[in-house]
Amino acid sequence: MVVIDGGPLTREQVVAVVRGYAAVEVGDAALAAVARTRAHVERLAGAAAPTYGVSTGFGALATRHIPPDRRAALQRSLIRSHAAGAGDPVEAEVVRGLMLLRLRTLATGRTGVRPEVVEALAGLLNAGITPVVHEYGSLGCSGDLAPLSAVALALMGEGEVTVDGHRLPARDALYEAGIVPVQLAEKEGLALINGTDGMLGMLVLALADLHRLLDVADLTAAMSVEALLGTDRVFAPELQALRPHPGQAASAARMTALLAGSAIMASHRGPHCNRVQDAYSLRCAPQVHGAARDTVAYVATVADRELAAAIDNPVVLPDGRVESNGNFHGAPVAYPLDFLAIPAADVASMAERRTDRMLDANRSHGLPPFLADDPGVDSGHMIVQYTQAAVVSEMKRLAVPASVDSIPSSAMQEDHVSMGWSAARKLRKSIDGLTTVLAIELLTAARALDLRAPLTPAPATAQAVAALRRVVPGPGPDRHLAPEIAAAESLIRSGELP
């Protein structure tokens, strides 16, 4: 159970609800704060002076005063007109993140909604009802408008949702769950859609994925160093201390530990070894992986600040003032989303270079061409490296920032936007690409280590080979490598690797 009390959420809580379907509960104190703020909104709704979002139109239509008998219609119309997304539906975990983070902001008591709106949104999450949200429709400014509108539409009992993978009308899903559709009152439509919750949710999920993937990258790099008869001396802590980046030190320490006790490494130590320096893709792995780790650490601080934020426009301050602001602008989230795509692409690029080196008989120090059983008859891992190269090339394109673009909207009222949603969407593709690239290096390095027999790998890398062997068939000319890549990807996502 995750309690929504109006305060910050942790990234771990977000992942628990979004991916683990942990239940949420809105705390009594948060509901009381929501009710107090709602009283201010109702007072302003009855006043003669217009208040933006309460008794006026929206965006470029903010100058129009809306009479009291048309304000409920205004809120319904806002949601219906803004639920105008297009493209394929996005993933359920993205929608659940969108819902959870909007719920958290509503529970701060700064948005002016009624308690029943907050409780209805929590009910949707707990019932596993996921509104259908489409790929396109957010410019990352004035909120993730079309995506959040699709959620608000479902709260109203309109539009479509999925439950247990089945798509059905929202009104039917709400009825089955015992949730009464919300009849929106003043300010509530705007409060439900004016946030950066979609891009923030995707940022939090990306951080969780990259923490795991960078550990896997250290593992696959260590396995490749071992398989290519490289040295671990360059990972020594006294060398890392000369350039005191914490991420670099962490990756070097992990690679040293992963290679400890390796008979393969021991076989070429000492004065008889004629190797002077390993290639950069081996020797500099801690520097690249470490820079990625430090980037993730920086982005995590941004995510944590955003998880403590109350994003809406206008906001209701504790003294009852309703104030317009620019906190809905997505730039603080968009930049980090773009930033993460750069190290993801670079880590993948380095992994591809290590894979290629293991397949090249001129550079692999005794391994058969393409790690094939019968080179010429069997192509071995030749084409998996092609697949890696194709994915890496795509990741380099995905590393081009979205946040440097801006397309004005709403009759030039919204004349600068962040494109943060687009940055988040391409980052998710990049993370999928990194998973595939590391899965291929894992398969290739494991095969190479097997070919070093009778020499035995380090206990930690042997554990990785054994874990892989549980999910893929053994080597042979009849191997179907595409299913093996998928199995390795699944193993990486499971967290079973050392």
Side-chain angles (χ1 to χ4, degrees), residues 4 6 26 30-83 98-99 101-122 141-158 180-197 309-328 410 413-414:
I4 310 295
V26 183
L31 289 173
V34 168
R36 285 194 300 272
T37 300
R38 180 64 197 177
H40 293 306
V41 171
E42 291 177 354
R43 173 179 55 80
L44 291 168
T51 300
Y52 176 68
V54 177
S55 54
T56 70
F58 308 111
L61 301 175
T63 57
R64 181 180 173 186
H65 185 262
I66 307 299
D69 62 342
R70 298 296 295 155
R71 291 175 189 168
L74 168 69
Q75 302 301 316
R76 289 194 302 273
S77 175
L78 173 72
I79 299 305
R80 289 169 177 166
S81 67
H82 283 45
L98 188 75
M99 297 163 70
L101 297 175
R102 199 69 213 142
L103 173 63
R104 195 209 71 80
T105 285
L106 297 179
T108 64
R110 301 277 67 82
T111 69
V113 300
R114 292 166 296 158
E116 49 262 47
V117 175
V118 177
E119 293 179 301
L121 185 52
C141 205
S142 296
D144 289 317
L145 289 175
L148 281 165
S149 294
V151 174
L153 198 67
L155 273 180
M156 294 163 54
E158 301 180 21
V180 177
V182 172
Q183 301 293 320
L184 297 178
E186 295 93 345
K187 177 68 172 66
E188 290 179 335
L190 196 58
L192 283 167
I193 66 174
N194 212 335
T196 54
D197 310 285
I311 306 297
D312 195 13
N313 182 52
V315 292
V316 187
L317 297 174
D319 60 8
R321 285 180 294 139
V322 177
E323 296 284 359
S324 292
N325 65 92
N327 285 335
F328 52 75
S410 192
Q413 174 73 4
E414 298 163 11

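Note that the numbering runs from 1 along the sequence shown for the chain. Side chains are part of it too, since the values below use all heavy atoms of this structure and drop only hydrogens, waters and symmetry mates.
Across every non-hydrogen atom of Ala120 and Val182, the tightest pair is CB-CG2, 3.6 Å. In plain terms, the two heavy atoms of Arg110 and Thr37 that are nearest each other are NH2-OG1, 3.5 Å. Closest approach of Thr111 and Arg102 over heavy atoms only: CG2-NH2, 4.4 Å. When every heavy atom of Leu44 is checked against every heavy atom of Gly320, the shortest pair comes out as CD1-O, 4.2 Å.
Every residue two or more places apart in sequence or in another chain that forms a side chain to side chain contact (heavy atoms under 4.5 Å, CB included) with Ser324 is listed here: Tyr52, Asn313, Pro314. Scored by the side-chain hydrogen bond (donor to acceptor under 3.5 Å, both in side chains) test, Arg76 finds no partners at all (sequence neighbours excluded). Among residues two or more places apart in sequence or in another chain, the salt bridge (Lys or Arg N to Asp or Glu O under 4.0 Å) test is passed with Arg114 by Glu116, Glu188. Remark: Asp312 pairs with Lys187 by the side-chain hydrogen bond (donor to acceptor under 3.5 Å, both in side chains) rule, at least two apart or across chains. With sequence neighbours excluded, the residues satisfying side-chain hydrogen bond (donor to acceptor under 3.5 Å, both in side chains) with Glu158 are Arg80.
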Side-chain atoms of residues 65-74: list all donor-acceptor pairs with protein atoms under 3.5 Å, sequence neighbours left out, distances to 0.1 Å.
| residue | atom | partner | partner atom | Å |
| --- | --- | --- | --- | --- |
| Arg71 | NE | Ile66 | O | 2.9 |
| Arg71 | NH1 | Ala45 | O | 2.4 |
| Arg71 | NH2 | Ile66 | O | 3.2 |

Per-pair distances, 0.1 Å, donor-acceptor, side chain in residues 144-157, under 3.5 Å, sequence neighbours excluded:
| residue | atom | partner | partner atom | Å |
| --- | --- | --- | --- | --- |
| Asp144 | OD1 | Ser138 | OG | 2.6 |
| Asp144 | OD2 | Gly198 | N | 2.9 |
| Asp144 | OD2 | Met199 | N | 3.1 |
| Ser149 | OG | Leu145 | O | 2.7 |

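Between Leu103 and Val26, some side-chain heavy-atom pair lies under the 4.5 Å cut-off.
Atoms CG and CD, from Leu31 and Glu119 in turn, are 5.0 Å apart once rounded to the nearest 0.5 Å. Leu192 CG to Asp197 CG: the interatomic distance, rounded to the nearest 0.5 Å, is 10.0 Å. To the nearest 0.5 Å, atom CG of residue Asn327 and atom CD1 of residue Ile311 are 5.0 Å apart. With rounding to the nearest 0.5 angstrom, the OG atom of Ser142 is 3.0 Å from the CD atom of Glu414.
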Take Leu78 and Ile193, measure what side chain to side chain contact (heavy atoms under 4.5 Å, CB included) needs, and give me the verdict at the end.
CA-CA 10 Å; Leu78 173 72; Ile193 66 174; 4.0 Å; yes

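In terms of modelled atom types and a separation under 3.5 Å, the side chain of Thr108 and the main chain of Thr105 share a donor-acceptor contact.
Applying the salt bridge (Lys or Arg N to Asp or Glu O under 4.0 Å) test to every pair with at least one member in residues 40-57, sequence neighbours left out, gives these pairs: Arg38-Glu42.
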